[in-house]
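I have placed the structure first, in the form of structure tokens, so that the comments after it can refer back to it.
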Amino acid sequence: MNLNDYIASKRDEHLSELYEFLRIPSVSAQQQHKPDVERTAQWVAERLRRAGVGSVEIVPTKMHPLVYGESLEAPGKPTVLFYGHYDVQPPEPLELWTSPPFEPSIRNGNLFGRGTADDKGQVHLHIRALDALRQTSGKLPINVKVLIEGEEEVGSESLWDYVNNHKAKLKADALVVSDTSMLAPGVPSITYGLRGLSYYEIEIIGPAQDLHSGVFGGAVPNPLTILTELFAKLHDKNFKVAVPGFYDDVAKLSHSERKALNALPFKAKDFRKTVGAPALCGEKGFSIVEQLWCRPTLELNGIWGGYIGEGAKTVIPSKAHAKFSTRLVPNQNPEKIARLVERHIRKLLPKSASCKFQVLSTGKPWVAPYTHPFFEVAHNALETGFGKRAVFIREGGSIPFVTQMYDTFKVPCILLGFGLPDENAHAPDEHISLENYFGGIKAIANFYGGLARL
Ligand code: BES
Ligand code: MN
Ligand code: MN
């Protein structure tokens, strides 16, 4: 049977196996799921072995194991490193899911469940593609190295050690990743840029302890007020980040790239619908795709302090807290930005409070040319999978590993994403379009097959 017929004939099997994978709650952030995370690593390792990837190992780390396997039985053919993650985001709040997060369920042509789009569904479609290639041609037509980690959603810390200690082992002609999205349904996409992410936490400290707001209010600093005033000053009325120097190193888009990005079939109306807010807001002078993909941001991610329980409590809290982050674009330097942000916050802070400033993580942006011949193969394979020519896009999310690999090996990084922007990644009712999942298997199998014929 030829490759595409074989893949089409196995739809039920693709899905029932994906269900198995999705049912294991591999939540990397929650200690209670540690055994599930380990079980998922074993599932991936076992599945890779059955797909013909030899020498698969489960590598223990300080936190969650990573799975590495390789099949190097195609001398003279290209070697690709496929990277993905088997861990998922916490499913909470559970009451907002239409069907339980770890019981996969199909509605309206979509498969619902935590990890369907980010990233178990996309990892699985690569495994099925490899399997299909081996079943139809007896062996894998190219050399593959597969690295699937279990810590992506919590910062990929163990991965750095592993990469640094195994550079020769991981070397490949290209990195292939499916952990991104298509621009829109029916628009296969190749992503050539991601934003970087740096994450911060601050604590504002006022009085030495909580105080009665009647007895003390009016004469003492309130850290919550100070915190909110401070954050209100971090953007100006045009939604520019008001940290001096923040934009100094931002690369200006070339005329041709700006034109190409703004000519993409991006529908502002669909975007507004997905967002669901009464109106949008963003940095003045830039289109939505430029704001999302090519401009840096500073976002408040969480804020707490004082009393938030039932009823009223008249208290002036001693401390206030916030988590916030910056998305970075070329050529911003994460360490420099962190210094600028801290300096500015300390400058805005009134004398009546002190502040602890922590940088929890930093991550560089990534943008790379897509001229290598492998991109042509990928482009054609996406057409085989989806019946349409692919577009080249950038995205606003971050995948630290891509930047790291690009900086280390300078090899082409080919990001073929099969998610969609409205598929609720990290949120309740996460799902993947079945058309994209099946189209993805076909596209990836044809991509790997096509590389063998180069
Ligand atoms: N798959 C996403 C990254 C992504 C999403 C890239 C959409 C492009 C489009 C990944 O799992 C993720 O969530 N990354 C985090 C960063 C990470 C360090 C926790 C992110 O972007 O917030
Ligand atoms: Mn992901
Ligand atoms: Mn994610």
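Every number for a ligand or one of its atoms is a count from 1 in the order of the listing.
At a cut-off of 3.5 Å, with distance as the only test, a side-chain donor of Asn380 or Arg389 sits close to an acceptor on the other residue. Donor-acceptor pairing under 3.5 Å is lacking for the side chains of His64 and Asp87. Lys171 and Thr79 form no side-chain donor-acceptor contact under 3.5 Å, judged by distance and modelled atom types alone.
In this structure, Arg114 is not positioned above the aromatic face of Phe102 in the sense of NZ or CZ being under 6.0 Å from the six-membered ring centre and within 45° of the axis. In this structure, Lys240 forms a cation-pi arrangement with Tyr247, its terminal cationic atom sitting closer than 6.0 Å to the ring centre and no more than 45° off the ring axis. In this structure, Arg295 is positioned above the aromatic face of Phe286, its NZ or CZ under 6.0 Å from the six-membered ring centre and within 45° of the axis. Cation-pi geometry between Arg47 and Phe21 is not met: the NZ or CZ atom fails to fall both under 6.0 Å from the ring centre and inside 45° of the normal.
Residue Glu395 has no N or O atom closer than 3.5 Å to an N or O atom of ligand 1. Distances between N or O atoms of Thr180 and those of ligand 1 include no value under 3.5 Å.
Counting heavy atoms under 4.0 Å from ligand 1, residue Pro400 touches it through the side chain alone.
With respect to atom 10 (C) of ligand 1, the closest heavy atom belonging to the protein is Glu152 OE2, 3.2 Å. Of the protein's non-hydrogen atoms, Ser398 O, 3.6 Å is the one closest to atom 16 (C) of ligand 1. In terms of protein heavy atoms, atom 4 (C) of ligand 1 is closest to Asp179 O, 3.8 Å.
Rounding to 10°, one obtains 90° for the angle at the Mn ion (ligand 3) between OD2 (Asp118) and NE2 (His426). Between His85 atom NE2 and Asp179 atom OD1, the angle centred on the Mn ion (ligand 2) amounts to 100° (nearest 10°).
Selection from Arg327, His85, Glu153 by nearest heavy atom to atom 20 (C) of ligand 1 gives Arg327.
The shell of residues lying under 4.0 angstrom from ligand 1, judged by heavy atoms, includes His426.
Of the inter-residue distances, the one linking Asp119 atom CG with Glu149 atom CD reads 9.5 Å to the nearest 0.5 angstrom.
Distance check for Glu153 against the Mn ion (ligand 3): an N/O/S atom falls below 2.8 Å.
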